[in-house]
Amino acid sequence: MTEQTCTAVITRAQARQFILAVQGLIGAYRFSGKGGAYGYVRQAGCIQYDPVDVCGKNAELTLQSRVKGFKKAMLQELLYKDRLLVDYADKELSIWPAEDWPYFSGYRERSRALGCSFQGLDELEDRALAYITEHGPVSSDTLPIDGELFWHSSMHWSGNWHKNSLAARSVLEQLYTDGKLVIHHKNGSRKFYDLAERHLPEALLTAENPCSDELSLLAWRVKRRIGAVGLLWNKNSSAFLGLELNAERRKQAVEKLESDGAVIPVRVEGIKAEFYYLSDNDDLMRSVIEGTADLKPRLEFIAPLDPMLWDKAMIKALWDFQYSWEIYTPAAKRKYGYYTLPVLFGDHFIGRIETAADRSSGVLKVKGFWPESWIGLTKAMRNALLKTLIRFAEFNDCTAVDFSGAGILP
C-alpha cells in the first residue's frame, strides 16, 4: 500500500479486524506475562488510570483483555519495582513508559511556572523535599505540613481552582507534577511520594526533549494516539483529549506524519473522513485485506476507558455499538449498570456485562448481562462467555462465579 499513489479503501469489517489485530484482541494472544504487559503499554503509549475498583481498575482491565496470564501484581511491579512505567498525566491521568519522560519536559516546565504564582508555595516545597530526603516516602497524611493553601494543579484537566486545599496534599501534587517527585507506591487510592532521582536514572531525568519544536512534539503525540487506537479518523476526536488540538493544528500534525512516512492514509467504505494508521502496521493491514490475518474469535471484557474505546463516535460508525460508561449516571437513569463492560467476541461487540468481585467471599458476582438485540447467543458464544468469566474471576482473586439470574446459561 505504501507504493500506491491513491488512498486504499477498506470495508468496515476490515477496519474492525485491523483495529482488533493491532490491539491484540483477536486471534492468538500477542502479549503474554509481565513482559507482554509492558510491551502493550509501549505500543499504546499510555493507558488511562482510574481508581475505581469494582472488578479491577481500568488500567488492569485494559491489560487483562490482551495479556495472557496477566496478574494485577505485574502492573504494580512495572510501576513501582522495575520503574519501567510511570503514573503521570497524558490522556488525563495515565500510565506510560518511563522512557518517554523527556517528551513531557514542557509540561513539567509549565507546571513549575504555575507553581511560582502561588505565594508561599516555594517555601513549603523546600520543607517537603527536605523531609522526604531525610525520612523517605510520604503521603499527604504523613507529611508534617499543616494548614490550607489556595492552589490549582495543572494535573487537573477540569481547570478548577482548589480553594483551601490541604497544604500537604497541594505541595506533594505540585512537586509530583513538576517532576521532582514520583509515586513510590499506592495503598488503595492513597499515594505515597518519593524523590524522582531515587527511582529514575539521572540520564533520563536530565535528557532534553527529543522534539526540536512544537510541531514535532505535537506530531509525536498525535502519532502516539493513532497507534493507541490502531486506526483513527482525521476529525475532531476524544482520542486526542489533552493535546489542545484544533482542526488546523491536527491538519499540520497529520501532514507532517504523512510526509515523514510515519502514518498511512486509508478510507473506509461509507465514511467520509479519512483514516490513518501507523506505517509500522502496514504488513498487518495487508494481511487483513488479503485475508491471511489471524482472526480466530476470542471473547474478552473491555475496560470502560480502553484505548480502543477512546473515540466512541468512531466505535459507533464502525461497529454500530453505542457504549456509555454509566458510573456517573444516577442509578434511576442507568440503562444497564454502574460498571458495565463491553463484551467482544470475534470482531463484534455482542453485549455488555456487569460484574462485581466480592473478595471477602471469593465470589465474582455477575449482576447483569445484556446481549445486543440483533444477536442470538450460540452455544459457542455461551461457552466462551463462561470460560472468560472463570478467567475473569481468577484475575479478580475469586474462586467462584455466581451468575444466577444473569441469563447466561440456557
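This chain uses plain numbering: 1 for the first residue, then up along the sequence.
Salt-bridge annotation for Asp178 and Arg112: absent, with no side-chain N of the basic residue lying under 4.0 Å from a carboxylate O of the acidic one. A salt bridge does not link Asp100 to Arg221: none of the charged side-chain nitrogens sits closer than 4.0 Å to a carboxylate oxygen. A salt bridge between Asp90 and Arg225 is present, with a side-chain N of the basic residue lying under 4.0 Å from a carboxylate O of the acidic one. A salt bridge links Glu99 to Arg42: at least one charged side-chain nitrogen sits closer than 4.0 Å to a carboxylate oxygen.
A pairwise comparison of heavy atoms in Val67 and Ser32 identifies CG1-C, 3.8 Å as the closest pair. Scanning all heavy atoms of the two residues, the minimum distance from Leu218 to Leu243 falls at CD1-O, 4.0 Å. Nearest heavy atoms, Ala273 versus Lys235: CB-CD, 4.0 Å.
Residues Arg30 and Gln43 bring a donor and an acceptor atom of their side chains to less than 3.5 Å of each other. No donor-acceptor contact under 3.5 angstrom links the side chains of Trp370 and Glu354, judged on distance only. Between the side chains of Thr7 and Glu274, at least one donor N or O sits under 3.5 Å from an acceptor N or O. Between the side chains of Tyr80 and Asp87, at least one donor-acceptor pair of N or O atoms lies under 3.5 Å. Side chain to side chain, Tyr339 and Glu326 fail the donor-acceptor criterion of an N or O pair below 3.5 Å.
Applying the salt bridge (Lys or Arg N to Asp or Glu O under 4.0 Å) test between Glu77 and each of Lys34, Lys72, Lys71 identifies Lys34 as the sole match.
Judged by a 6.0 Å distance limit and a 45° cone about the ring axis, Arg108 is positioned over the six-membered ring of Trp101. The cationic group of Lys186 lies under 6.0 Å from the six-membered ring centre of Tyr49 and within 45° of the ring axis, placing it in a cation-pi geometry.
The structure places NZ of Lys91 at 5.0 Å from CG of Leu241, a figure rounded to the nearest 0.5 Å.
Ring geometry for Trp220 against Tyr103 counts as parallel: the plane angle stays under 30°, on a 0 to 90° scale with 60° as the upper cut.
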Check the pair Phe70 / Phe31 against ring-ring contact (aromatic ring centres under 6.0 Å, His included), numbers first and verdict last.
CA-CA 9 Å; Phe70 175 74; Phe31 305 99; over 10 Å; no
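Under the side chain to side chain contact (heavy atoms under 4.5 Å, CB included) criterion, Arg127 pairs with Leu124, Ile145, sequence neighbours left out. Scanning for side chain to side chain contact (heavy atoms under 4.5 Å, CB included) contacts around Ser237 gives Leu232, Trp233, Ala239, Phe240, Asp311, with sequence neighbours left out.
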